[in-house]
2 protein chains.
Amino acid sequence: MSNHSFQWLQAELTRIITAQPAGSRLPSEPALAKQLKVSRATLREAMRSFETQGLIRRKQGLGTFVIGAVPLIDSGLEILESIEILAGRIGLKVTFGSLTIQQEKADEALAKIMNLPSGSEVMRVSRVIQTDERPVAYLVDILPREVLSEQELQSGFTGSVLDLLLRKGTAPLASSRTEIKATGASPELAHLLEVQRGDVLLQFVANLITNQGKVIDHSLSYFLPGYFSFHVNRRVG
Amino acid sequence: MSNHSFQWLQAELTRIITAQPAGSRLPSEPALAKQLKVSRATLREAMRSFETQGLIRRKQGLGTFVIGAVPLIDSGLEILESIEILAGRIGLKVTFGSLTIQQEKADEALAKIMNLPSGSEVMRVSRVIQTDERPVAYLVDILPREVLSEQELQSGFTGSVLDLLLRKGTAPLASSRTEIKATGASPELAHLLEVQRGDVLLQFVANLITNQGKVIDHSLSYFLPGYFSFHVNRRVG
DNA sequence: CAGTGGTCTAGACCACACG
DNA sequence: GTGTGGTCTAGACCACTGA
């Protein structure tokens with residue numbers, strides 16, 4: 001026994017994980033490493049992909065837990081809707097936390113994107129989107145101070161800048177030019193989303209545009225794979 | 001000096017990398033690790049993100065090299081076009097390699113997607129897309145044997161199943177339902193794309209549909225971040 | 001406090017490219 | 001053979017949780 005290849009290790013872990021009922025705790029990392037005759041480092045490396053797929057969840061100080069089926073937040077990319085609305089459509093409640101609102105000066109790149117005078121004051125709104133179970137996304141919006149004041153953010157903010165702008169209704173929104181990337185979690189992001197540093201995230205970089213063609217919101221969104229499903233219908237060119 | 005945090009390490013590496021001209025070789029990993037007073041494991045972990053961003057390239061047996069600006073293969077997701085065509089648009093030549101064509105029986109999930117009798121014969125076409133410099137994508141297409149025979153694949157195949165189907169012209173293609181994911185490279189994928197195991201990849205899972213609504217191609221595509229830029233225009237819902 | 005996952009270290013060996 | 005990156009090991013310490 002013990003074909004000591006990485007693939008064998010992952011297959012063995014799959015067997016172990018799927019044999020457990022949802023919610024149960026796996027043996028500790030040192031115990032599993034000993035049982036599978038690999039070092040703890042190798043074990044942890046092999047488990048990364050299972051966490052990415054949403055099959056397990058690690059909690060520092062507590063242990064590693066098997067996750068059951070997770071409600072997938074599904075969205076077509078043709079339409080821009082807030083995560084709150086997408087989640088509500090499948091009967092899932094989401095909350096937001098770790099909210100920070102800062103005023104800062106736009107750097108050159110941002111000023112160019114938004115067609116602002118260099119050094120303009122902008123608002124940066126950051127927050128984590130959470131389900132009952134865990135944080136699943138991290139969102140950052142950057143807007144000119146004129147578009148959204150600190151007061152407005154402190155009174156009616158539900159976690160979605162888009163919904164807030166739509167409710168406010170002053171700027172007629174047309175579309176969002178969204179760039180799609182894959183990225184690894186930075187140390188800060190990893191901490192906020194409760195994943196490991198370097199774990200795989202899906203990232204959107206978007207500019208929200210009014211029907212006059214003005215960019216009034218630049219946003220960064222980071223999504224945990226395994227909790228979201230984004231799709232698009234592509235015409236054959 | 002030597003604030004030994006991971007962030008400090010990455011900042012220091014950024015300084016070192018950007019100070020080098022494109023194409024030059026960095027000091028070896030043991031040398032860099034000693035110089036920065038960290039273990040080789042930590043050094044390598046910190047360098048992962050630089051490779052993901054396309055700033056460096058590691059070559060086993062040779063060294064780690066600084067990469068200059070890379071031609072970005074840019075595409076809107078509304079239209080489905082082959083990578084060859086996208087690359088040609090920016091004046092970039094791509095080739096394909098590691099081609100494998102196998103006949104196999106469709107498993108249950110695939111049979112359901114393509115509405116085939118369970119156990120039908122399908123063709124699986126896999127290949128790596130390469131620029132001058134390096135492999136940048138891995139593509140897998142799965143089609144019913146009736147749609148594309150082995151002969152057709154061996155004669156006129158240029159790397160794009162889409163272009164082949166369009167040239168053949170028998171099936172009027174309508175659209176592709178594409179799911180967008182972020183994933184970590186499996187050991188096989190890492191080897192084929194010459195990246196590290198677990199490195200971040202952008203993944204498309206797509207079903208190509210005729211105007212009769214029949215799925216005639218199921219495909220998996222894996223892209224190296226830093227070489228592609230995908231975007232979409234989203235209407236406000 | 002003890003036990004968990006998160007990080008880091010020093011060292012070893014393997015796979016690969018070049019001379 | 002020599003030197004490179006790729007992998008794995010054994011062990012240590014930190015950060016966090018709950019008793």
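Every chain is numbered from 1, with letters handed out A, B, ... down the list of sequences. Since we're looking at a predicted model, the values are computed, not measured.
- For A:Gln103, the CD atom is densely surrounded, since the number of other residues' heavy atoms within 6.0 Å is greater than 12.
- No side-chain donor-acceptor contact under 3.5 Å links A:Arg197 to the backbone of B:Phe6.
- Of all the residues in residues 24-31 of chain B, not one reaches under 4.0 Å from DNA chain C with any non-hydrogen atom.
- Taking side-chain N and O atoms only, B:Thr64 has a distance below 4.0 Å to OP1 or OP2 of D:dG5.
- Look at A:Thr42 and you'll find a side-chain N or O under 4.0 angstrom from OP1 or OP2 of D:dT9.
- With rounding to whole Å, A:Lys37 atom NZ is found 20 Å from D:dT7 atom C1'.
- At distances below 3.5 Å, at least one donor-acceptor pair connects side-chain atoms of A:Gln53 with backbone N or O atoms of A:Ser49.
- Not one N or O on the side chain of B:Arg89 forms a donor-acceptor pair closer than 3.5 Å with the backbone of B:Ile73.
- Atom P of nucleotide D:dG5 and atom NE2 of B:His191 are separated by 17 Å, given to the nearest angstrom.
- Other residues, nucleotides and ligands contribute at most 12 non-hydrogen atoms within 6.0 Å of the CD atom of A:Glu133.
- Summarising the geometry, the separation between CD on A:Glu45 and C1' on C:dG5 is reported as 15 Å, rounded to the nearest angstrom.
- Comparing C:dC8, D:dT9, D:dT7 against the side chain of B:Ser39 picks out C:dC8 as the nearest.
- Looking only at distances, no side-chain donor or acceptor of A:Arg40 sits under 3.5 Å from a matching main-chain atom of A:Ala33.
- Contacts between residues 50-62 of chain B and DNA chain D, defined by a heavy-atom separation below 4.0 Å, involve B:Arg58, B:Lys59, B:Gln60, B:Gly61, B:Leu62, listed by number.
- For B:Arg57 (side chain) and B:Phe65 (main-chain N/O), no donor-acceptor pair under 3.5 Å exists by modelled atom type.
- If you measure from atom CZ of B:Arg197 to atom C1' of D:dG5, you get 14 Å, rounded to the nearest angstrom.
- Protein atom CG of B:Leu32 is 14 Å distant from nucleotide atom P of C:dT9, rounded to whole Å.
- Separating the CG atom of B:Leu193 from the P atom of D:dG6 is a distance of 14 Å, rounded to the nearest angstrom.
- Inspection of the B:Ser186 and B:Glu188 side chains reveals an N or O donor paired with an N or O acceptor under 3.5 Å.
- Atom-to-atom, CD of B:Gln7 to C1' of C:dT7 comes out at 14 Å; the value is rounded to the nearest Å.
- Residue contacts shown for A:Arg44 include a base, since a base heavy atom lies under 4.0 Å away.
- Taking a cutoff of 4.0 Å between a charged side-chain nitrogen and a carboxylate oxygen, B:Glu29 and B:Arg58 qualify as a salt bridge.
- The CD-P distance, from A:Gln10 to D:dC8, rounds to 10 Å in whole Å.
- Across all strands shown, B:Arg40 has heavy atoms under 4.0 Å from base atoms, whether or not it also approaches the sugar-phosphate.
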